[in-house]
Amino acid sequence: MGISIRDPEVGELAKELAKLRKTNMTEAIGHALRTELKRERDKRPLEERLEELAVQLQAEAGPNPRAVTKDEIDELWGH
């Protein structure tokens with residue numbers, strides 16, 4: 001099955017990617033499409049990612065985490 005690129009910008013992008021990857025346009029387009037499809041399939045909602053991060057940080061903080069003081073926050077920001 002052939003592919004026809006009618007948009008000049010898309011054609012130039014494909015040529016540039018092929019040149020940078022030292023391959024042909026078909027391989028460059030195939031790689032780009034596989035990469036983008038994987039990225040789309042692997043997407044997780046922000047809420048889910050933040051929840052995972054919160055659980056990880058709670059585990060690292062341990063059973064008795066203490067509050068960070070304003071002075072400590074200011075020090076982190078270089079104030």
Side-chain angles (χ1 to χ4, degrees):
M1 174 170 148
I3 185 169
S4 174
I5 300 174
R6 294 188 180 106
D7 184 323
E9 179 187 11
V10 174
E12 288 304 313
L13 291 170
K15 285 178 190 175
E16 182 180 354
L17 181 59
K19 183 179 176 182
L20 290 171
R21 302 195 91 227
K22 295 181 173 69
T23 187
N24 61 48
M25 285 178 50
T26 301
E27 288 295 320
I29 292 169
H31 181 268
L33 290 171
R34 283 188 294 277
T35 300
E36 225 15 61
L37 280 169
K38 180 180 181 343
R39 204 180 86 151
E40 286 295 321
R41 289 178 183 142
D42 291 348
K43 271 187 181 177
R44 293 183 2 224
L46 178 60
E47 183 178 358
E48 184 180 310
R49 293 180 300 175
L50 290 174
E51 178 62 31
E52 182 180 311
L53 182 58
V55 168
Q56 179 185 349
L57 291 173
Q58 284 178 328
E60 289 178 18
N64 297 311
R66 68 171 181 79
V68 179
T69 67
K70 182 180 180 332
D71 289 339
E72 290 171 322
I73 293 171
D74 288 344
E75 184 179 332
L76 287 171
W77 284 100
H79 296 157

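Everything numeric here is computed off the predicted structure, so don't read it as measured data. In what follows, every heavy atom counts, from backbone to side chain, and hydrogens, waters and symmetry copies are set aside.
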All side-chain contact (heavy atoms from CB on, under 4.5 Å) counterparts of [X], not counting sequence neighbours:
{"X": "Asp74", "result": "Lys70, His79"}
{"X": "Leu46", "result": "Arg49, Leu50"}
{"X": "Thr69", "result": "Asp71, Glu72"}

**OP:** Answer yes or no: does atom CZ of Arg44 have more than 12 heavy-atom neighbours from other residues, nucleotides or ligands under 6.0 Å?
**Re:** yes
Subject >> Glu47, CD: over 12 other non-hydrogen atoms inside 6.0 angstrom >> reply: no
Original post:
Apart from Leu53 itself, what residues make up its hydrophobic cluster when side-chain heavy atoms of I, L, V, M, F, W and Y under 4.5 Å apart count as a link, directly or indirectly?
Top reply: Leu57
Subject >> Any pair counted as side-chain hydrogen bond (donor to acceptor under 3.5 Å, both in side chains), so long as it reaches residues 19-35, sequence neighbours left out >> reply: Arg21-His31
Which pairs would a plain distance check flag for residues 5-16, meaning a side-chain donor or acceptor within less than 3.5 Å of a matching protein atom at least two apart in sequence or in another chain?
residue : atom : partner : partner atom : Å
Asp7    : OD1  : Glu9    : N            : 2.8
Asp7    : OD1  : Val10   : N            : 3.4

Original post:
Do Leu33 and Met25 belong to the same hydrophobic cluster, where Ile, Leu, Val, Met, Phe, Trp and Tyr are linked whenever their side-chain heavy atoms lie under 4.5 Å apart, directly or via other members?
Top reply: yes
